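A quick write-up on the structure given underneath.
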Amino acid sequence: MSLQLKLPDGSVRSYEDGATGLDVAASIGAGLARAAVAVTLDGETLDLNRPIDRDGALSVVTENTEEGRHVLRHSAAHVMAQAVLDLYPGATYAIGPPITDGFYYDFDIGRPFTPEDLDRIEARMQEIIEIDQSFVRESLSIDDALELFADHPFKSEIIRGVDEAEGAGATEVSIYRNDSFVDLCRGPHVSSTGRLKAVKLMRSAGAYWRGDEKNPQLQRIYGTAWEDRKALRKYLNRLEEAEKRDHRKLGTELDLYSFPSDLGSGLAVWHPKGGLLRKEIEDYSRRTHLANGYEYVVSPHVAKAELWETSGHLQFYAESMYPAMELDGGQKYYVKPMNCPFHILIYKSRSRSYRELPLRFFELGTVYRYERSGVVHGLLRARGFTQDDSHIFTTFEQMPNELQNLLDFVLMVLRDFGFDEFEAELSTRNPEKSIGSDELWDVAEASLAKALEKAELPYQMAHGEGSFYGPKIDIHVKDAIGRRWQLSTIQLDFAQPENFGLTYTSSENVRERPVMIHRALLGSIERFVAVLVEHYAGAFPAWLSPVQATIVPVADRHQDYAFEVAAELKEAGVRVEVDDADETVGEKIRRAITQKHPAILVVGDSDVEDRTVGLRLREDDAEQRGIPLDEAVAGLAERNAPPR
RNA sequence: GCCGGGUUAGCUCAGCUGGCAGAGCAUCUCUCUUGUAAAGAGAAGGUCAUCGGUUCGAAUCCGAUACCCGGCUCCA
């Protein structure tokens, strides 16, 4: 009997019975065999040294692919657990999966790991790697496995979980041994520890068993593993680059905003430069909404408890709300965590006709949410923030078209801010807990999906992840260094129109219930600014730059002319600064560059005489001399114009 | 909220086992009058986060509080 394996290039090759993945890889090429860490057979990943027991489509997983690194990292996690169990008798281990860019393992050791512990563990791991122990797979019955892991309660719990989840069919689990270390594991693994060429432990942290804070807290160690030292170094450089772009750091360096501790956790103040950046974003937002059929509304920051009872927030959302203020003889008021009830009240302020729908109320609404103290994170997760929030009230029939237009609008806005890679997530009904008719949900989900397809937006389904009151789309952008950020959200709501008894009069003169769409495009201005700062590393497009041009007089005698140039630029709408400090030209240029100003104008003797400027643009990194002032002003004014 | 780490000048950070609080940059003053990434000199700047404790003596040790940072969502 021979084995028929179909390779990715479409060819079918025959192999001896009992051939392993490594044999197949070697038959294709020695280089491939060296780089191989596993194979996939009809989608199932197998160890390289596992005999292939059936015909199928086979491909070789190499170590420099995401899938291959997954295998490396999984094996590295085992080696780390082995090192910890070696070094700390009495420690017990929980789970250790590969994750994006690395791996972790959770331990119960009775105390936290210190940085010195990590050094020791990493050193021990190196020893294990150098010994080059083989990973050996075995299958065990559930009962045998329970016996083997009798001293390790977390493992036992997992085994019992496998037993229940897979029902009568699954009576076996697999384990992997290397030397005396044994771990419950589905695999696959590299053939031996020597394959781990670039492993580094990153940090330790507390983590709850199965992520649930009611469970005991374990000690987690995060590490990373790559196919070679070079790839590891590249990853570490990437982390460094991300750190340089950190919006909290750049916010201080560029004097945009700060988080005074006297204010309280999660609350920011915006300095003049940050204020300007923010104003540009807000102006753009108002402008484009007004140009796209939205009506601008304004609502207060507090409202009576009854409003939040009607909306259901006090019932479902109370722990994220700032506590009540009591006044007027016991009347309770809450600071708003959301803007929707106010827009609903505007809708309800008079009777509505089908002729006015869809109604689109837009507001830059500032809300306050009591985020748990451990999760606030600069502007990305704050306790007070302003949403570019809108609520659209539409008939059921109009909904598909409205969603289509909305999605186009979202993408236009995100593109205007310099994002061009998007990904969406469509969250659908959870039948266990949701309100509204099947028809409502089906049409809504189909409309969302159709809108995504028409906009040619790649999307993933998040089945059952919709909230109880409606399905939603979240839109993620990819930034300049490849990170994903969730920004926009479009959320259908079948509950609030019901809660507030919203109606409109149809063409047949009957009362109908509108559908409500919540949506925020930038998300929150705060979070959006944070993402912009990190995306551009502080070097914003000219239209968003707080300072659009710096004028550098060469000597004191050029200052009058410098201010004249500044006045002309200001006249043309350019945000300009004159750096008249008692410093050298080089120093002033350096300051402007460090502050990421998009244009620097140097003026000296010849410029005063000829009414010209020396111009240095951020992207050119070289100066042009003797540009006529009129030309420079017109050029800068044009370059600084917002996208619309 | 929980686990761990942290908070020293506007910023970045030194300050060892308790014994007179420091540097660089920024700021201010003076000199220099400058043509594309840091001119020179001097000065000023601190309740060592806050409150309490231990001690002859606390930035340093202990406790509480506030704030910050890393995690707690990748599932054998």
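Just so it is clear, the model here is predicted, and its values are computed rather than measured. Every chain is numbered from 1 and lettered A, B, ... according to where its sequence line falls, protein lines coming before strand lines.
Look at the C1' atom in both B:G22 and B:C48: the space between them is 12 Å, to the nearest Å. Here the separation of B:G45 from B:U36, taken at their P atoms, is 38 Å to the nearest Å.
Across all strands, A:Arg372 comes closer than 4.0 Å to base atoms (heavy-atom distances). Contact annotation for A:Arg248: backbone-only contact, meaning every heavy-atom pair under 4.0 Å involves sugar-phosphate atoms and none involves a base. Note on A:Pro115: nothing from the nucleic acid sits closer than 4.0 angstrom, heavy atoms only. Residue A:Arg616 is classed as a base contact, given a heavy-atom separation below 4.0 Å to a base.
Between the side chains of A:His189 and A:Asp47, no donor N or O sits under 3.5 Å from an acceptor N or O. Under 3.5 Å, the side chains of A:Gln486 and A:Glu425 contain no donor-acceptor pair of N or O atoms.
Put simply, the side chain of A:Tyr208 and the base of B:G71 share no donor and acceptor less than 3.5 Å apart. Side chain A:Asp582 to base B:C32: a donor-acceptor pair is found below 3.5 Å. Taking 3.5 Å as the limit, the base of B:G35 and the side chain of A:Asp607 contain a donor-acceptor pair of atoms between them. Residue side chain A:Thr252 does not reach the base of B:C11 through any donor-acceptor N/O pair under 3.5 Å, judged by distance alone. Judged by atom type and distance alone, A:Ser606 reaches the base of B:G35 through a side-chain donor-acceptor pair under 3.5 Å.
Using N1 to N3 plus N6-O4 or O6-N4 for Watson-Crick, or N1-O2 and O6-N3 for G-U wobble, each under 3.5 Å, B:U33 pairs with nothing. Across all strands shown, B:C11 forms a Watson-Crick or G-U wobble pair, both distances under 3.5 Å, with B:G24.
One interatomic measurement links the two molecules: CG of A:Asp579 to C1' of B:A38, which rounds to 13 Å at whole-angstrom precision.
Regarding contacts with the backbone of B:U34, a side-chain N or O of A:Arg557 is found under 4.0 angstrom from either OP1 or OP2. At the phosphate of B:G70, OP1 or OP2 sits under 4.0 Å from a side-chain N or O atom of A:His377. The phosphate of B:G70 has neither OP1 nor OP2 within less than 4.0 Å of any side-chain N or O from A:Tyr104. For B:U34, the OP1/OP2 oxygens have no side-chain nitrogen or oxygen of A:Thr584 closer than 4.0 Å. At the phosphate of B:C68, OP1 or OP2 sits under 4.0 Å from a side-chain N or O atom of A:Ser265.
Contact detail for A:Leu118 and A:Leu201: the closest heavy-atom pair is O-CD1, 3.7 Å.
Taking a cutoff of 4.0 Å between a charged side-chain nitrogen and a carboxylate oxygen, A:Arg611 and A:Glu564 qualify as a salt bridge.
Stacking of A:Arg383 on the aromatic ring of A:Tyr368 is not recorded, the 6.0 Å distance cut-off and the 45° axial limit not both being met.
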